[in-house]
Visitor: 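The structure's right below; bear with me while I get my questions together.
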Amino acid sequence: MLNIIKDTIKEVLKALLPIILAVVVLQFTVLHLPPYIFARFLIGAFMVIIGVVCFLYGVRTGILPMGRDVGAELPQRGSLLLIVAVALVFGFAVTYSEPSVMVLSKMSAEAGNNGTSAFIFVVAGGMAVLFLAALLRILLGFPTRNLLAIVYGIVVILAMFTPPNFLAIAFDAGAAAAGPFTVPMLLALGLGFVSVLARRSTLSDGFGLIGIACAGPIIGILLWGVFFF
């Protein structure tokens, strides 16, 4: 356990310290912001480091093993309805609670679009539907490139009809949905799902799942713009 914690701390510091040092250098050379703002940044940066360490440790010790176990159990039950239900519930729930989606929804509301609840619901719903499609692709052996071509072809078509402000938000929604909480959980579930299927490759079938699923929020927001604005 201690080794996992040490490795996690090292990874977080390697990732965040360059950003923090860059801001510190800019503060004393270019920005010269008021001291209280700079102090708030340092306190916030420290809290982020602690939070990310705790989060990643929780992901590695709890979320990833649970996701793999749930994913591995689904095909063995032999129920397509169960796979559909679990994929939709997991896809919706983890995206609905994704912090980056919440932040983007508030920013979208401040920019004059609809409220945050409707935005999060559309993004989470789109993610759930395309996550289900990605799991069914694995189950049916449908080529990844074909499904990617279909879903992103739909994105291109919808982009021609949606209002310009929704076009920009839609692609940001796809990126926000692939956040630090959503990706580990859905990817672990997908890899566990593949691991018990005969003649399926963890590398070629398990990965690409997030790329497909992230088209869901994009399509959802574009459809929202086409039909309601």
Visitor: Does a side-chain heavy-atom distance below 4.5 Å link Phe92 with Met127?
Guide: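 When only atoms from C-beta onward are counted, Met127 and Phe92 do not touch, as no gap falls below 4.5 Å.
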Visitor: Would Leu16 end up clustered with Ile43 when hydrophobic side chains under 4.5 Å apart are linked, directly or stepwise?
Guide: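 Not linked; separate clusters.
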Visitor: What heavy-atom pair brings Cys214 and Ala178 nearest, and what distance separates the two atoms?
Guide: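 Taking Cys214 first and Ala178 second, the nearest heavy atoms are SG-CB, 3.4 Å.
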Visitor: Any non-hydrogen side-chain atom of Val48 less than 4.5 Å from a side-chain atom of Val12?
Guide: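 The answer is no; the side chains never approach within 4.5 Å.
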Visitor: Are the side chains of Leu158 and Leu167 in touch, meaning some heavy atoms are under 4.5 Å apart?
Guide: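 In short, these two side chains do not touch, never coming nearer than 4.5 Å.
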Visitor: Name the orientation class of the two ring planes belonging to Phe55 and Phe181 (parallel below 30°, tilted from 30 to 60°, perpendicular beyond 60°).
Guide: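 Tilted: the ring planes of Phe55 and Phe181 meet at 30° to 60°.
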Visitor: In terms of hydrophobic clusters joined by side-chain contacts under 4.5 Å, are Val89 and Leu209 together?
Guide: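 Each belongs to a different hydrophobic cluster.
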Visitor: Report the C-alpha distance between Phe28 and Phe38 in whole Å, list the side-chain angles of each, state the deciding distance to 0.1 Å, and finish with yes or no for ring pair (Phe, Tyr, Trp, His ring centres under 6.0 Å).
Guide: CA-CA 10 Å; Phe28 290 105; Phe38 183 61; 5.6 Å; yes
Visitor: In Å and rounded to the nearest 0.5 Å, what is the OH to CZ distance from Tyr96 to Phe121?
Guide: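 If we round to the nearest 0.5 Å, Tyr96:OH and Phe121:CZ are 8.5 Å apart.
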Visitor: Would you check if Ile150 and Phe142 make a side-chain contact, meaning some heavy-atom pair closer than 4.5 Å?
Guide: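 Sidechains of Phe142 and Ile150: in contact.
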Visitor: Tell me whether Val30 shares a hydrophobic cluster with Ile37, the cluster being built from Ile, Leu, Val, Met, Phe, Trp, Tyr side chains joined at under 4.5 Å.
Guide: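 They do share one cluster, since a chain of ILVMFWY contacts under 4.5 Å joins Val30 to Ile37.
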Visitor: Are Phe161 and Ile169 co-members of a hydrophobic cluster defined by side-chain heavy atoms under 4.5 Å apart?
Guide: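 Yes: a chain of side-chain contacts under 4.5 Å links Ile169 to Phe161.
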Visitor: Would you say the side chain of Ile210 lies within less than 4.5 Å of the side chain of Phe131, judging by non-hydrogen atoms?
Guide: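 No, every pair of side-chain atoms sits at 4.5 Å or beyond.
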Visitor: Could you state the interatomic distance from NZ (Lys106) to CZ (Phe119), rounded to the nearest 0.5 Å?
Guide: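 Result: 13.0 Å between the selected atoms.
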Visitor: Let me confirm one number: the SG-CD1 distance from Cys54 to Ile49, rounded to the nearest 0.5 Å.
Guide: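 Cys54 SG to Ile49 CD1: 12.0 Å, rounded to 0.5 Å.
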Visitor: Determine whether Val25 and Leu42 fall in the same hydrophobic cluster, where Ile, Leu, Val, Met, Phe, Trp and Tyr are linked whenever their side-chain heavy atoms lie under 4.5 Å apart.
Guide: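 Val25 and Leu42: separate clusters.
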Visitor: Donor-acceptor check, side chain of Glu98 to backbone of Thr182, threshold 3.5 angstrom: yes or no?
Guide: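 Yes, Glu98 side chain to Thr182 backbone: donor-acceptor pair under 3.5 Å.
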Visitor: If you take all heavy atoms of Pro184 and Gly179, which pair is closest and at what distance?
Guide: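 Looking at all heavy atoms of both residues, the closest pair is CD-O, 4.0 Å.
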Visitor: How close do Pro18 and Leu13 get, counting heavy atoms only, and between which atoms?
Guide: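 Residues Pro18 and Leu13, closest heavy atoms: CD-O, 3.9 Å.
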Visitor: For the atom pair CZ (Phe193) and CG (Leu135), what is the distance rounded to the nearest 0.5 Å?
Guide: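 CG of Leu135 is found 5.5 Å from CZ of Phe193.
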Visitor: Starting at CZ of Arg137, measure out to CG of Leu140 and round the result to the nearest 0.5 Å.
Guide: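 Spacing of CZ (Arg137) from CG (Leu140) equals 9.5 Å.
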Visitor: Under the criterion side-chain contact (heavy atoms from CB on, under 4.5 Å), which of Val156, Ile154, Val122, Val155 is the partner of Leu222?
Guide: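 Only one option passes, and that is Val155.
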Visitor: Locate the shortest heavy-atom distance separating Ala177 from Thr95; write the atom from each residue and the value.
Guide: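 Minimum heavy-atom contact is CB-CG2, 4.2 Å.
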Visitor: Going by the rule side-chain hydrogen bond (donor to acceptor under 3.5 Å, both in side chains), which residues pair with Arg60 if we only count those two or more places apart in sequence or in a different chain?
Guide: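 Expected list: Thr8, Glu11.
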Visitor: For Met102 and Ile120, run side-chain contact (heavy atoms from CB on, under 4.5 Å): C-alpha distance rounded to whole Å, both residues' side-chain angles, the deciding distance at 0.1 Å, then the answer.
Guide: CA-CA 7 Å; Met102 296 180 185; Ile120 297 175; 4.2 Å; yes
Visitor: Rounded at 0.5 Å granularity, tell me how far CD1 in Ile218 sits from CG in Leu223.
Guide: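 Here the rounded value is 12.0 Å.
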Visitor: Please confirm whether the backbone N or O of Ala176 pairs with a side-chain atom of Ser100, one donor and one acceptor, at under 3.5 Å?
Guide: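 Yes; judged by distance alone, with no hydrogens or angles, the pair exists.
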Visitor: Grab the two heavy atoms, one from Leu147 and one from Ala133, that are nearest each other, plus how far apart they are.
Guide: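 It is CD2-O, 3.9 Å.
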Visitor: Is the backbone N or O of Ala159 less than 3.5 Å from a side-chain atom of Thr162, with the two atoms forming a donor-acceptor pair by type?
Guide: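 Between the backbone of Ala159 and the side chain of Thr162 there is no qualifying donor-acceptor contact (under 3.5 Å).
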